[in-house]
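For ligands, and for the atoms within them, numbers begin at 1 and follow the listed sequence.
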Amino acid sequence: MADESPLALRCQAVRKRFGSQHALDGVSLDVRRGEFVALLGPNGAGKTTLFQILSGLFVADAGQVTVMGVDMQRHPVRALARLGIVFQQPAIDLDLSVLSNLHFHAGLHGLPRRIAAPRIARLLDDFGLSARAGAPVRELSGGNRRKVELARALLHEPAVLLMDEPTVGLDPASRAQIVADARRLAAQSQAGVLWATHLVQEVEHADRVIVLHRGAVRFDGTPAALRGAAERDSLEQAFLALTTFTASPTPATERVPA
Ligand SMILES: Nc1ncnc2c1ncn2[C@@H]1O[C@H](COP(=O)(O)OP(=O)(O)OP(=O)(O)O)[C@@H](O)[C@H]1O
């Protein structure tokens, strides 16, 4: 991944607390266009809170989020227009057909039908779902439902794709398929992807891994650099080494160039 690709998403010194609990304690990260970045953190690390701030659902107590240089807090409509989001909880109408769900979403983004229809046809083809276009989403497998959500998130050709643990509840083969599809389609459209997960096997082929633990970035670099930094042979061991200690509440972030 070229370091010169335009910056798609920038998150600087973002803080968020719930009462006395620091959910995010000064998180900074960048995602470039065409880059597939895994945000890896154990339960409670702050991934969902960060995604809620990145997608404009929560306002941070401090810090700044920009999408293609547009400030999320000052210009939310413009910033959100460049974002595609797949939430952790499925958010799709089960009784509508695949096609109707996608056309409904295109309408929300103000896409005229003459532009939306060929894009939808192409995305359904890309995901191998053309034959199911008329089927109610309820009849689809969990993996295919997630593909519809991913297609929906890509419809308005976002610069950034946020995916919050999108493989929760899927079997290993469907999980691997969704990771591969998201990677391929994001590369095709040059969207920067931020993929939150707590599953180490999903980050193996990421361009970069950001390890979040207790609301702070503990590591930002390639999967190989993560193994090296933690002096462990496997990513799983490296992740555990970075996230199971209980020392200082704000250890220094390890930044390793890609
Ligand atoms: N609305 C809330 N009120 C109070 N505390 C919250 C709230 N949302 C999150 N937290 C706390 O903030 C911390 C970060 O939670 P968050 O859900 O962002 O983590 P996560 O990495 O997404 O975890 P998981 O993988 O379990 O979804 C946790 O300690 C959580 O209990």
Side-chain angles (χ1 to χ4, degrees), residues 9-31 36-65 67 72-73 83-92 142 145-146 149-150 153 160-172 174-176 178-179 182 193-204 206 208-221 223 226 230 235-251 253-254:
L9 177 71
R10 168 156 275 184
C11 171
Q12 285 172 296
V14 165
R15 294 182 186 278
K16 180 78 184 175
R17 52 195 290 179
F18 296 105
S20 60
Q21 161 99 26
H22 285 276
L24 297 174
D25 198 9
V27 169
S28 297
L29 58 85
D30 290 340
V31 179
F36 189 96
V37 179
L39 180 70
L40 183 63
N43 292 131
K47 303 181 296 298
T48 295
T49 304
L50 180 62
F51 269 52
Q52 283 165 328
I53 289 168
L54 295 178
S55 55
L57 288 172
F58 281 180
V59 176
D61 298 333
Q64 189 187 35
V65 172
V67 181
M72 176 63 77
Q73 220 173 322
L83 270 186
I85 306 167
V86 177
F87 290 108
Q88 197 176 113
Q89 296 300 329
I92 196 153
R145 289 181 193 184
R146 282 269 118 166
E149 290 195 87
L150 181 51
V160 179
L161 188 58
L162 298 179
M163 306 199 62
D164 187 8
E165 307 209 30
T167 59
V168 164
L170 299 185
D171 62 47
S174 303
R175 279 208 309 259
I178 281 278
V179 177
V193 180
L194 187 63
W195 178 285
T197 184
H198 61 271
L199 299 171
V200 177
Q201 52 287 28
E202 289 186 358
V203 315
E204 200 80 46
R208 210 145 44 80
V209 185
I210 295 172
V211 177
L212 190 71
H213 180 46
R214 295 190 178 165
V217 174
R218 308 291 165 151
F219 175 87
D220 184 345
L226 173 56
L235 276 181
E236 179 105 38
Q237 288 168 351
F239 175 57
L240 287 173
L242 282 171
T243 56
T244 48
F245 65 92
T246 51
S248 121
T250 52
T253 298
E254 187 111 29

Whether Trp195 and Phe36 hold their rings parallel, tilted or perpendicular, with breakpoints at 30° and 60°: tilted
Atom indices of ligand 1 within 4.0 angstrom of Glu165 heavy atoms, with elements: 25 (O)
Flag, side chain of Asp164 to backbone of Phe51, donor-acceptor distance under 3.5 Å: no
Atom pair NZ (Lys47) and CG (Leu40), whose distance is rounded to the nearest 0.5 Å: 8.0 Å
Atom 6 (C) of ligand 1: nearest protein contact (heavy atom, Å): Phe18 CD1, 3.2 Å
N or O pair under 3.5 Å between Gly46 and ligand 1: yes
Option among Leu161, Leu29, Val160, Asp30 that satisfies the side-chain contact (heavy atoms from CB on, under 4.5 Å) test with Leu194: Leu29
Heavy-atom protein neighbour under 4.0 angstrom from atom 9 (C) of ligand 1: yes
Between Gln12 and Ser28, a side-chain donor and acceptor under 3.5 Å: no
Test item: protein heavy atom less than 4.0 Å from atom 31 (O) of ligand 1: no
N or O contact, Thr48 vs ligand 1, cut-off under 3.5 Å: yes
Gly44-ligand 1 polar pair, N/O distance under 3.5 Å: yes
Nearest-neighbour protein heavy atom for atom 18 (O) of ligand 1, which is reported as residue plus atom name and distance: Thr49 OG1, 2.6 Å
Closest approach of any protein heavy atom to atom 26 (O) of ligand 1, naming residue and atom: Asn43 ND2, 3.0 Å
Rounded distance (nearest 0.5 Å) linking atom CD of Glu204 with atom CG of Leu199: 12.5 Å
Flag side-chain contact, heavy atom, 4.5 Å: Leu39 against Thr197: no
Flag side-chain contact, heavy atom, 4.5 Å: Thr167 against Ser174: no
Shortest protein contact, atom 12 (O) of ligand 1 (heavy atom only): Ala23 CB, 3.5 Å
Shortest protein contact, atom 29 (O) of ligand 1 (heavy atom only): Gln21 NE2, 2.9 Å
Ala45: numbered ligand 1 atoms lying under 4.0 Å from its heavy atoms: 19 (O), 20 (P), 21 (O)
Numbering as shown, the atoms of ligand 1 that approach Pro42 to under 4.0 Å (heavy-atom distance): 21 (O)
Atom pair CG (Leu24) and CZ (Arg214), whose distance is rounded to the nearest 0.5 Å: 14.5 Å
